[in-house]
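Have a look at the structure below before the remarks.
Side chains are part of it too, since the values below use all heavy atoms of this structure and drop only hydrogens, waters and symmetry mates. Within every chain, numbering begins at 1; the chains are lettered A, B, ... in the order of the sequence lines, protein sequences first and strands thereafter.
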2 protein chains.
Amino acid sequence: MVQLDTFDLKLLAALQDDGRLTNQQLADLIGLSASQCSRRRMRLEEEKVISGYHADLAGEVLGFELIAFIQITLATHSPDNAKKFRELVGRVDAIQEAYSLTGDADYLLKAVLRNLKSLSDIVNNVLMPHQSVAHVRSSIVLDKLKERAKLPLSTIQK
Amino acid sequence: MVQLDTFDLKLLAALQDDGRLTNQQLADLIGLSASQCSRRRMRLEEEKVISGYHADLAGEVLGFELIAFIQITLATHSPDNAKKFRELVGRVDAIQEAYSLTGDADYLLKAVLRNLKSLSDIVNNVLMPHQSVAHVRSSIVLDKLKERAKLPLSTIQK
DNA sequence: CATTACGATGCACAGATTGTGCATAATGCT
DNA sequence: AGCATTATGCACAATCTGTGCATCGTAATG
């Protein structure tokens, strides 16, 4: 775990909020010179504390009306089966996030979809028929309370 | 839903990948002049197609070793109870995402945590004792197959 | 205590980037 | 065709970026 001082944390917090802040704007925000912000930013990128920068696109505006969480239970837990499932997940663009989990289901998928038909399509024509999959249970997002919250940097010691 | 042409889609895809691309770099990527990229980018921001830019921080490097999904069932579905629960969610920094869902649980939370003790703390000392909450079930992420995948812009017509 | 070594800092500056005005090209409409 | 509207590239002033460099503070060493 990297050693970070107060300037680093402020800088990370600021960039987490707005990834296109200029070094000058960062400088004004955290009370350092622009050049020093540039150097610190480069260091944090180098160290992979900052893993990247991304534009956040508004799914709804682009016609992705639906978010669904899909719980998957595999047919068997053989490595071969797991591998096939992972390949499937990688191939389906609508699946934005995928995790293997403890608990009753083996995997949790988050899918972004155009409408209910697309969800039905993914569940019934892609996931269910796949040989690796034993059981599928999907839930539709009714409301987002929180999305893309920042990491709680304030809890970092020193 | 906004009308987008091929240039817009290429531009969005590029910025989704790297949110700090300069207009010149965008220009080279999508085959347009830098000034025009600047203008299109401004329009897409104006129209909220691009909702923001964010630095992506590596949780593991910062000591957040654990991701957990927590399913919550409310005690009652009264508006008052829901409101109290939402306030709770807003207050807890470790909860990064929160959705209300169809299906057996009312809410799904994604929490980023320092260790198992923090998870136990949130579940047993924050969520369980809260008056609005009837049932809590948590799952720990064992592996990330996909995270922060891009919106499948290729599926957008025109 | 003095000295040395080292990292962090601000400043200066050359080179790159940004957004806007403007003339021109492309597109759509009557 | 004729006209209006929009998109485009170019030019350019203002801004931003990263690097060299001198200085400062701090910790370690003699």
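No cation-pi contact links A:R20 to A:Y53, judged by a cut-off of 6.0 Å to the six-membered ring centre and 45° from its axis. Taking the centre and axis of the six-membered ring of A:F7, the NZ or CZ atom of A:R40 falls outside the cone set by 45° and 6.0 Å.
To the nearest 0.5 angstrom, A:F69 atom CZ is 10.0 Å from A:L109 atom CG. With rounding to the nearest 0.5 angstrom, the CD atom of A:Q16 is 6.0 Å from the NZ atom of A:K150. Taken from CG in A:D56 to CD1 in B:I50, the straight-line distance is 10.0 Å, to the nearest 0.5 Å.
Near DNA chain D, meaning a heavy atom under 4.0 Å from it, residues 36-53 of chain B has B:Q36, B:R39, B:R40 in order of number.
Counting to the nearest Å, the C1' atom of D:dG25 and the CZ atom of A:F7 are 13 Å from each other. Atom CG in B:L32 sits about 9 Å away from atom C1' in D:dG9, given to the nearest Å. Rounding to whole angstrom units, CG of residue B:D8 and C1' of D:dA7 are separated by 11 Å. Look at CG on A:L26: it is 18 Å from P on D:dT15, rounded to the nearest Å. Rounded to whole Å, atom P of D:dC16 lies 18 Å from atom CD of B:Q24. A straight line from CG of B:L4 to C1' of D:dT6 spans 16 Å, rounded to a whole angstrom. Remark: P of D:dT6 and CD of B:Q3 are 15 Å apart, rounded to the nearest angstrom.
Along DNA chain C, the stretch of nucleotides lying under 4.0 Å from any heavy atom of chain A spans, 5' to 3', C:dA8 to C:dT18.
Looking at B:D93 and A:S154, their side chains come closer than 4.5 Å, going by heavy atoms from C-beta outward.
Here A:L142 sits alone; no ILVMFWY side chain lies under 4.5 Å from its own, so it joins no hydrophobic cluster.
Counting only N and O atoms by type, the side chains of A:H54 and B:D17 include no donor and acceptor under 3.5 Å apart. Between B:N115 and B:S118, the side chains place a donor N or O and an acceptor N or O closer than 3.5 Å (distance only, hydrogens not considered).
Looking at heavy-atom distances under 4.0 Å, B:S33 makes contact with a base.
Phosphate proximity of D:dT17 to A:N23: present, with a side-chain N or O under 4.0 Å from OP1 or OP2.
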